[in-house]
Structures are given as structure tokens and as C-alpha cells.
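Chain letters run A, B, ... following the sequence lines, proteins first, then strands; residues in each count from 1. These numbers come from the heavy atoms of this one structure, side chains and all, not from hydrogens, waters or symmetry mates.
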Amino acid sequence: MYNTLSKRKEAFRTVKPGKVGIYLCGPTVYDKAHIGHMVGPVIFDCIKRYLVYRDYDVQWVVNITDVDDKLINKANERGISMLEVAEENIADYNDNLAALGVDQIDHFPRATECMDEIIAFVQSLVDQGYAYASEGDVYFEVGKDVQYGKLSNRSVAAMQGEGGGTAARKRGLADFALWKSAKPGEPSWDSPWSKGRPGWHIECSAMSKKILGATFDIHGGGLDLVFPHHENEIAQSECCHDAPMVTYWAHNGLLRASSAAGKVGGRGSSAERADQEGADEQRLSHPGVNPQQSGKMSRSAGAGGLAELIARQGGERIRFFLLRTHYRSTVLFNEPALDEAGVGLEGFYRLFKRYTRITGKDFYDLHPSTPQAVENDDSANNSSLAEALKCREKFLNAMDDDFNTGGAIGELFELAKIINKFCDDNDLEGDGNSDDRVIQLQRLLATLKELAAILGIFLQAPTSDGESEAGDALLGPLMQLVISIRAKARTSKDFATADTLRAGLDPLGIAMEDRAGGTEWSGGDNQSMPGIMQLLVELRNTARAKKDFATSDLIRDSLAAIGITLEDRSGGTEWSADGAK
RNA sequence: GGCGCCGUGGCCAAGUGGCUAAGGCAUCGGAUUGCAAAUCCGACAUCGGCGGUUCGAAUCCGCCCGGCGCCUCCA
């Protein structure tokens, strides 16, 4: 596991045998979450799943910062309480986590619920001479900590930052606030120094100590938190306890909105981009908005849009996309890239459908394989299974190497190919379907499921966005009708009609696949209805023109059976559906 | 200016000293299909440049070119 503190990978060891404590810096809940807030939770969700898979007893903490200048400002802006702002955004945060399949968090401490611990922590630092009170504030004296700067690798002397707070009240410019006295009207808590609130960094030291102990295993967060937040945390905690705070500091890379200049490390003219930005800013005189969305993913680029993004793309796709890249890398985030990841995911979903065609069962009901089952499996003479086990080994090796989810996903694709090939080679959708083969197929898929569960994917069928469900009621029967009409055409070798139907559905986003057992369709939503109807009406008109009334009446009668009425008028054929129009 | 990260096929992305450089998307052939789709098979890179260390480097070192981040609130 890579350690930001040592700047290299280290063998994994734990403070207590068999136990792992993880603390991830969560959001300051002054606004809706954006996609960048999801990176840490998703990767740490995987890390926990993997450690649990490896039989560790894991406690994972994600804190919520619910007291802060920004929350206070927001509350004043909106004329509601700080608590109300927090509650609203916590709910939003939790919804987003759930949509991305992040459900491994054990503790969600909130700063406002840990005031006693925070105040005690500050007091301890004052008592030990590492902090001083000044006009109601309390500051950490950076100069007293000889190790200060070791995490972010900077010297106190070289620092230009002020460390926040009012310079006049501080002994050193880099000293940072542990406690801030409240201005009139601000939320405050009693303390030995003043009515006030905690500084930003102290809550993490206090809450991690409370739940995980003075020394724990993994502390995570975004790369942007290394300085000053984590540098200050480590200073507070280690001065307070005279013991290491954590064994591994793990920082995830940040998301970037795509820029016209292209890839992260690639070529591109920054000068050109800067020029254009300058020009745009002049023209629009609107410096707050970056027209090309280049640069770091910012609040303005993503705020408020996460729920919509999830509804559009689906939580599993976003999760899968994030896990394709190693967690320490910068990721260019944009919807075309998400779409591409989605294409890859579709292949897995098709394999699961294939399993259902072969067995009549649901992939999501299949029991995953386990390490124990693999050890005891005597059927390695089956070459497909042997290949699958090789993939499994590579997958686990990748995860063992600093949680390399990107490499692991590559093996998942390889595994899917092996399984598809097994189905092909043995004609499982035709004459080769035997109990014996089905059992082998299940074993292969159980391995896929075992590994996917580590990444937290393929745990349940992806939910389609809720919007379209009402209109979908008619889509199914309508498609059955289209399929039966097309089947009739195909049997009578009327391929022109069959192809017209299939080609006509394509622009509506509906695909048809002819299988041995019948035709399958996918895609489409309530928006597709008018298009399908138009197609059927045209088909019927063609039949009528040819005086093929058998076909035209069949279409009309079948539609009537599912509640859609056709009326031939002089201007054309009109249709109406009961209730759903 | 200080501290860091990165540059692998058209795009995304594993690989950090040693078999023919994973995998995905795209593209092009082939099998299959009434035709498609799906699936499978095959094709497609010598790793930003130069120099060095080494029996051997995409992988280590140096220089150069290019991109990005942090140093202020930030996941």
C-alpha cells in the first residue's frame, strides 16, 4: 500500500492483528455534493470490501463537517439555521453514496456531536504547551512541533501561508486555529476560552481518536487535503499523543473537467488555452465562469448536478468508471468518457442475460464463489475454469498491489471473454445444454461474481431511472407485438419487412437481437412510443396499399388487445392509448 | 519561487528491471447470422526526446521538451 508519508509502497501491516481502522475525510456539508466528493468514498468502499474479503475486521469512519464558516454564511444567506443547511446536504450526500453503491461506512461522526472530545483535545494541547489561547481563540504553535511539515514535505520557514485566523492574534504566521471565538449571532459552544467553535482541522484529530484510537491504520482523503488539513491533523494528534497518528496516509487523485487541451499528461497548448480564456473573460466579463471547464473539477462545474448525472448515467456506471483508473491518478471526468465505460459494462450485462437464456435463472441470485470453494475445487481439469482461476489470481494480485482496481477490471473483462467462449464452444444455447455444463457455467460466473463483489459491482441489477416507468407499461406489450409481426415476416421470408422494422427502431434507441429462442429487445423508454407507433402505422398502410388486409387488420386488432386504438381518417391514421397518452 | 505528479497504440488505461508491453472503446479482416446485432478468432503500440547505468529498461539515473496539481476554502 502506498503511503504519502514515506512516498513509497509499503508492505501491509496493522496496528492490531486482524483489525483495520480507516478514517476518511468526508464533506463539509454547506452545499450539495459534486462528483469529486464521490471519489474517496468509492475507492475506500472497495478498499474496505477487499480487506474484509481478506478476513480483516474493518472499521471505516467518514466524518461530516457540519460547523464551519461556509455553513454559517450559507445559513445566513438562506435565512435558515446552520443545522438545517447541514441536514439537507447530508441527506443529499447519503443519497449519492447509496446510488454509487457505497454502503460500507461504519461511522458517520459529526463535528457538532463531538464537541466534548474536541474541547478536551484542544485543552490537552494547551496543557502540553503546543497551543496557546489568544483573545478567545486558541492556536496551535507550529514552531513547537519539530516534525511539522513532514507529510507535505515543506519547511515552516518556507511557508507563505498564514494558517488562517487573525495574524495579529498569532505568535507565528503559520499557526492555525484550534478554536475560534464566535462573533455575535454565530452558532457557538461553551469552552474554557470563549463561546466559539472548533477550527477546521481539530475535529478529525478528535473524532478519529474517539472512534479508532490514538494510532490507527489508514487515513484517507483527496490529494488536495495533504496541506494544510492533514499536515495540521498529524501535528495536533502526534503532539497530543506522542505517538504516530496513522500507519498509512492514502490520498486519492482529483477529478478534472475535460479541457480542450486534451489529456492530463499529454500535449496541449496552455498558452493557447489561457489566451482563449482571457478573451472569453473579457468578452463576457464574467470571470467566475470558465467557458471551457478546463482545470480542476470545481463546485461551479459540478454543484447541484450530481443527482441528475446519476439519474442520467446510473450509479454503477459512474462507480465502474472511477474504478477503471488507479485511485492515485488524476481522472478526466466527462460524460463521453462515462458513456464509453458504459459500453464496456453492457458486455457484462449481456453475459448475465445469456446466463438467464441458458438456465432460466438470474445471475444476481447466483452465490458468489469463495476462496475456500476455489481451494477445494477439483475440477481444474476443465480448461475454462483453469483459465478463470488464473484471471482470479491476477485480479487478486492487482488488488494486493496498492488496490489496483484498474488492473483488476482488466481481468474481469478477460473472465467475461472466457465465459462467453465457454458458452460458444459448448453450444450452451443449443444442443450442448446439459446439467453438467450448466454447473460448470455457474462455477465460472460464481468466480466473476466473487471478484466483482470486491469492487462493489454487479451486486444487483442496475435500476433504470425512475422517470420512465409509468410509460413503460405499454412499451413491453408493444414490443412483443412488433416482435411477433416481425417473426411472421421472417418465417415467410419477407425480410424487407423484417429489416424495415428493425432499422426503424434503431433511431429510437431500441435494438433487436435474433436468438435461437426468439428475438430479444433492449433500450427504449416512454419517449419511444410515438416512434414505434408511427412505424407500425406505416407498415399497416403499406399492407393496405397492397390490399394485404390480413396483415393490416392483424396489426390493428393486436394493438386493440393492448389498449391502443387506431382510427383511419382521411388525413391519415391516428392512434390513442388508454390512459397513457 | 517552494513542494509534488504525469507523458504507454486513434481515445482511455494496466504494467515500475527480464517470457511475443494486460484490458476497454474505436477501426479493419474472418467465423457465425436470411441480413444484422450479440459472441468468438485475428490485425493494430517498443513505451515524449537525448544520454547513462546494466548481460538486460517503458520500468533506475541525468538532462531536455511537454502537460498538471498543491503552496488560500476545497474530496
For this session: Indicate, with yes or no, if the rings of A:His107 and A:Trp60 have centres closer together than 6.0 Å.
Result: no

Problem set entry | Any-strand Watson-Crick or G-U partner of B:A37, both distances under 3.5 Å | none

Problem set entry | Contacting residues from residues 95-110 of chain A, given that a heavy atom lies under 4.0 angstrom of RNA chain B | none

Problem set entry | Base-pairing mate for B:G42 - Watson-Crick or G-U, with both contacts under 3.5 Å | B:C28

For this session: With heavy atoms under 4.0 Å as the rule, sort A:Glu513 into base, sugar-phosphate or nothing.
Result: base

Seminar exercise, completed: Side-chain contact check for A:His326: nearest option of B:C40, B:A14, B:A75 is B:A14

Seminar exercise, completed: Across every strand shown, the nucleotide meeting Watson-Crick or G-U wobble geometry with B:G66 (both distances under 3.5 Å) is B:C6

Exercise. So which nucleotide from B:C40, B:A37, B:C73 ends up closest to the side chain of A:Lys421?
Worked result: B:C40

Exercise. Among B:G24, B:A75, B:C3, which is the nearest nucleotide to the side chain of A:Leu254?
Worked result: B:A75

Exercise. Is there a donor on the side chain of A:Glu411 or the base of B:G23 sitting less than 3.5 Å from an acceptor on the other?
Worked result: no

For this session: Please identify each residue that fulfils side-chain hydrogen bond (donor to acceptor under 3.5 Å, both in side chains) with A:Arg502, with sequence neighbours left out.
Result: none

Exercise. By a strict heavy-atom criterion of less than 4.0 Å, which residues belonging to residues 392-404 of chain A are in contact with RNA chain B?
Worked result: A:Asn404

For this session: Can you figure out which of B:C11, B:A38, B:C3 approaches the side chain of A:Asn153 most closely?
Result: B:C3

Exercise. In terms of side-chain heavy atoms, does A:Arg110 have a donor or acceptor partner in A:Thr112 at a distance below 3.5 Å?
Worked result: no

Seminar exercise, completed: Taking B:C25, B:A38, B:G23 as options, the one with an atom nearest any side-chain atom of A:Glu414 is B:G23

For this session: Tell me what A:Met512 touches on the nucleic acid: a base, only sugar-phosphate, or nothing, going by heavy atoms under 4.0 Å.
Result: base

For this session: Between B:C35, B:A75, B:U39, spot the one nearest the side chain of A:Arg354, thanks.
Result: B:U39

Problem set entry | Listed nucleotide nearest any side-chain atom of A:Asn252, set B:A75, B:U39, B:G2 | B:A75

Exercise. Among the nucleotides B:G24, B:G4, B:G34, which one has an atom lying closest to any side-chain atom of A:Lys417?
Worked result: B:G24

For this session: Could you tell me whether A:Arg486 contacts a base, only the sugar-phosphate backbone, or nothing, with contacts defined as non-hydrogen atoms closer than 4.0 Å?
Result: base

Exercise. Which nucleotide, B:U39, B:C68, B:G23, lies nearest any side-chain atom of A:Arg256?
Worked result: B:C68

For this session: Using the ring of A:Phe495 (Phe, Tyr or Trp, six-membered ring only), decide whether A:Arg490 places NZ or CZ under 6.0 Å from its centre and within 45 degrees of its axis.
Result: no

For this session: Give one of base, sugar-phosphate or nothing for A:Gly40, where a contact means two heavy atoms less than 4.0 Å apart.
Result: nothing

For this session: Pick base, sugar-phosphate or nothing for A:Gly222, based on heavy-atom distances below 4.0 Å to the nucleic acid.
Result: sugar-phosphate

Exercise. Which pairs with one or both residues in residues 89-103 of chain A pass side chain to side chain donor-acceptor pair (under 3.5 Å), sequence neighbours excluded?
Worked result: A:Arg49-A:Asp103

Seminar exercise, completed: Using Watson-Crick geometry (N1-N3 plus N6-O4 or O6-N4) or G-U wobble (N1-O2, O6-N3), each under 3.5 Å, B:A57 is paired with none

For this session: For RNA chain B, determine which residues of residues 490-506 of chain A have any heavy atom closer than 4.0 angstrom to one of its atoms, and list them numerically.
Result: A:Arg490, A:Phe495, A:Asp499, A:Arg502

Exercise. At under 4.0 Å between heavy atoms, what does A:Gly26 touch on the DNA or RNA strands: base, sugar-phosphate, or nothing?
Worked result: sugar-phosphate

Exercise. Less than 3.5 Å between a donor and an acceptor, one on the side chain of A:Asp514 and one on the base of B:C35, is that the case here?
Worked result: yes

For this session: Quick one: which residue pairs count as a salt bridge (Lys or Arg N to Asp or Glu O under 4.0 Å) with a foot in residues 407-417 of chain A, not counting sequence neighbours?
Result: none

